[in-house]
> 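My questions all concern the structure below.
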Amino acid sequence: MTDPERPDAPPPALLHLYDLAIERILDDEPLASFCEWFVSEMATVLPPPPPEEVDRNARFLQHHARTLWHAVPVPQNRWRPRPQPKIERNGPCPCGSGRKYKQCCTEFAQHALPFPPEALLSMALSVAAPHMLTPALARQVPPEALGEVAAMWN
């Protein structure tokens, strides 16, 4: 159930899906299989798009999954996001359509994730397995983020 004081709050099913997605990213799932899983799971949570928007919606979800995979801070990278490779306008589109990026998914380039970067770190820390929070790895996390997660846990 959503928070009645925040009508813009995402539904719990969507928040749960993001938690699952972040867990998969932290477990170092490869990008291709993560994107495939994310798109199929989002189809179960979001209302179906109109028939003329099915292709565009699938490309947007692919873009969203890639952006999320690169934005979540991971312990393998000292709790920093993975660098996202620059997509050349005339290069092949990473969605796999076979078209040039500028003729395919460039329209989604300005779409941001629904969470700010500091929230992604807090979300990642809150779903991280205990072995990902060893003292050596925990020292690499900004103290403010650890404090936010500790406050959420309490």
Side-chain angles (χ1 to χ4, degrees), residues 1-129 132-133 141-142 144-145 148-149 151-153:
M1 188 165 181
T2 57
D3 184 352
E5 294 179 19
R6 290 199 50 218
D8 62 331
L14 191 58
L15 292 175
H16 179 67
L17 178 61
Y18 276 106
D19 283 344
L20 292 175
I22 291 171
E23 284 179 23
R24 293 175 78 108
I25 292 168
L26 292 179
D27 286 338
D28 211 21
E29 180 168 359
L31 177 60
S33 63
F34 173 76
C35 289
E36 184 178 314
W37 171 84
F38 187 81
V39 170
S40 68
E41 289 298 311
M42 285 296 266
T44 65
V45 174
L46 299 176
E52 66 275 6
E53 291 289 313
V54 170
D55 177 61
R56 184 177 184 277
N57 187 60
R59 290 184 298 113
F60 172 75
L61 290 175
Q62 279 279 338
H63 169 79
H64 190 74
R66 280 192 314 277
T67 303
L68 180 64
W69 191 86
H70 284 287
V72 171
V74 292
Q76 304 90 325
N77 196 29
R78 300 178 49 130
W79 288 102
R80 293 187 192 117
R82 294 177 178 106
Q84 189 163 5
K86 178 157 174 45
I87 303 169
E88 298 296 327
R89 284 181 40 81
N90 288 317
C93 190
C95 77
S97 66
R99 295 184 283 181
K100 290 182 179 183
Y101 177 65
K102 70 180 179 183
Q103 297 169 336
C104 192
C105 291
T106 191
E107 67 178 298
F108 308 128
Q110 300 306 315
H111 288 268
L113 291 173
F115 309 104
E118 57 275 1
L120 284 173
L121 178 57
S122 295
M123 291 168 73
L125 291 172
S126 68
V127 299
M132 295 176 187
L133 295 172
V141 179
E144 307 82 38
E148 284 180 33
V149 173
M152 286 187 335
W153 287 340

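All values below were derived from every heavy atom in this structure, side-chain atoms included, with hydrogens, water molecules and symmetry-related copies excluded.
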> For L26 and P73, which heavy atoms make the closest approach, and how far apart are they?
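Here L26 and P73 meet closest at CD2-O, 3.5 Å.
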
> Which residues satisfy the side-chain hydrogen bond (donor to acceptor under 3.5 Å, both in side chains) test with R80, sequence neighbours excluded?
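For R80 there are no side-chain hydrogen bond (donor to acceptor under 3.5 Å, both in side chains) partners, ignoring immediate neighbours.
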
> State, yes or no, whether a side-chain contact exists between M132 and W79 at a heavy-atom distance under 4.5 Å.
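Yes; the side chains approach each other to less than 4.5 Å.
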
> Kindly assign one of parallel, tilted or perpendicular to the pair H63 and F108, based on the angle between their ring planes and the thresholds 30° and 60°.
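It falls in the tilted class, 30° to 60°.
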
> What I'd like to find out is whether the side chain of V127 reaches to under 4.5 Å of the side chain of L20, using heavy atoms alone.
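Answer no - side chains too far apart.
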
> Nearest heavy-atom pair of P49 and N57: which atoms, and what distance?
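Nearest heavy atoms, P49 then N57: CG-ND2, 3.7 Å.
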
> The criterion is side-chain contact (heavy atoms from CB on, under 4.5 Å); which residues satisfy it with P92, sequence neighbours excluded?
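With neighbours one apart ignored, the set is empty.
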
> Who are the side-chain hydrogen bond (donor to acceptor under 3.5 Å, both in side chains) partners of R56, not counting sequence neighbours?
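Only E107 meet the side-chain hydrogen bond (donor to acceptor under 3.5 Å, both in side chains) criterion with R56.
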
> Quick check for you: to the nearest 0.5 Å, what is the distance between C95 atom SG and D55 atom CG?
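Between C95 SG and D55 CG, I get 8.0 Å after rounding to 0.5 Å.
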
> Applying side-chain hydrogen bond (donor to acceptor under 3.5 Å, both in side chains), which residue pairs with at least one partner in residues 97-106 are found, sequence neighbours left out?
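Pairs touching residues 97-106 that pass the test: N90-K102.
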
> At what distance, to the nearest 0.5 angstrom, does OG of S122 lie from CD1 of I22?
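S122 OG to I22 CD1: 10.0 Å, rounded to 0.5 Å.
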
> Only pairs at least two apart or in different chains count here, so list each salt bridge (Lys or Arg N to Asp or Glu O under 4.0 Å) that has a residue in residues 17-33.
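The answer is R24-E29, D28-R82.
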
> Just to verify, what does A119 make a side-chain contact (heavy atoms from CB on, under 4.5 Å) with, not counting sequence neighbours?
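Per chain and number, A119 pairs via side-chain contact (heavy atoms from CB on, under 4.5 Å) with F115, P116.
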
> According to salt bridge (Lys or Arg N to Asp or Glu O under 4.0 Å), does anything in residues 31-50 pair up with another residue at least two apart or in another chain? List the pairs.
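Passing the test, one end in residues 31-50: no pairs.
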
> Name all residues meeting the side-chain contact (heavy atoms from CB on, under 4.5 Å) criterion together with V39; count only those two or more places apart in sequence or in a different chain, and write none if there are none.
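side-chain contact (heavy atoms from CB on, under 4.5 Å) list for V39, sorted by chain: L61, Q62.
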
> Return the set of residues passing side-chain contact (heavy atoms from CB on, under 4.5 Å) with P48 (not counting sequence neighbours), or none when no residue passes.
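Expected list: none.
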
> Distance check, rounded to the nearest 0.5 Å: C105 atom SG versus R59 atom CZ?
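The distance works out to 5.0 Å.
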
> Find out whether P83 and N77 are in side-chain contact, i.e. whether some heavy atom of one side chain is under 4.5 Å from a heavy atom of the other.
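They are in contact (side-chain heavy atoms under 4.5 Å apart), so the answer is yes.
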
> Considering all heavy atoms of both residues, which atom of Y18 and which atom of P114 are nearest to each other, and what is their separation?
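Heavy atoms only, the tightest pair is OH-CG, 3.6 Å.
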
> Where do H70 and L31 land on the side chain to side chain contact (heavy atoms under 4.5 Å, CB included) test, with the steps shown first?
CA-CA 9 Å; H70 284 287; L31 177 60; 4.0 Å; yes

> Would you say NE2 of H16 has more than 12 non-hydrogen atoms from neighbouring residues, nucleotides or ligands within 6.0 angstrom?
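At most 12 heavy atoms, drawn from other residues, nucleotides or ligands, come within 6.0 Å of this atom.
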
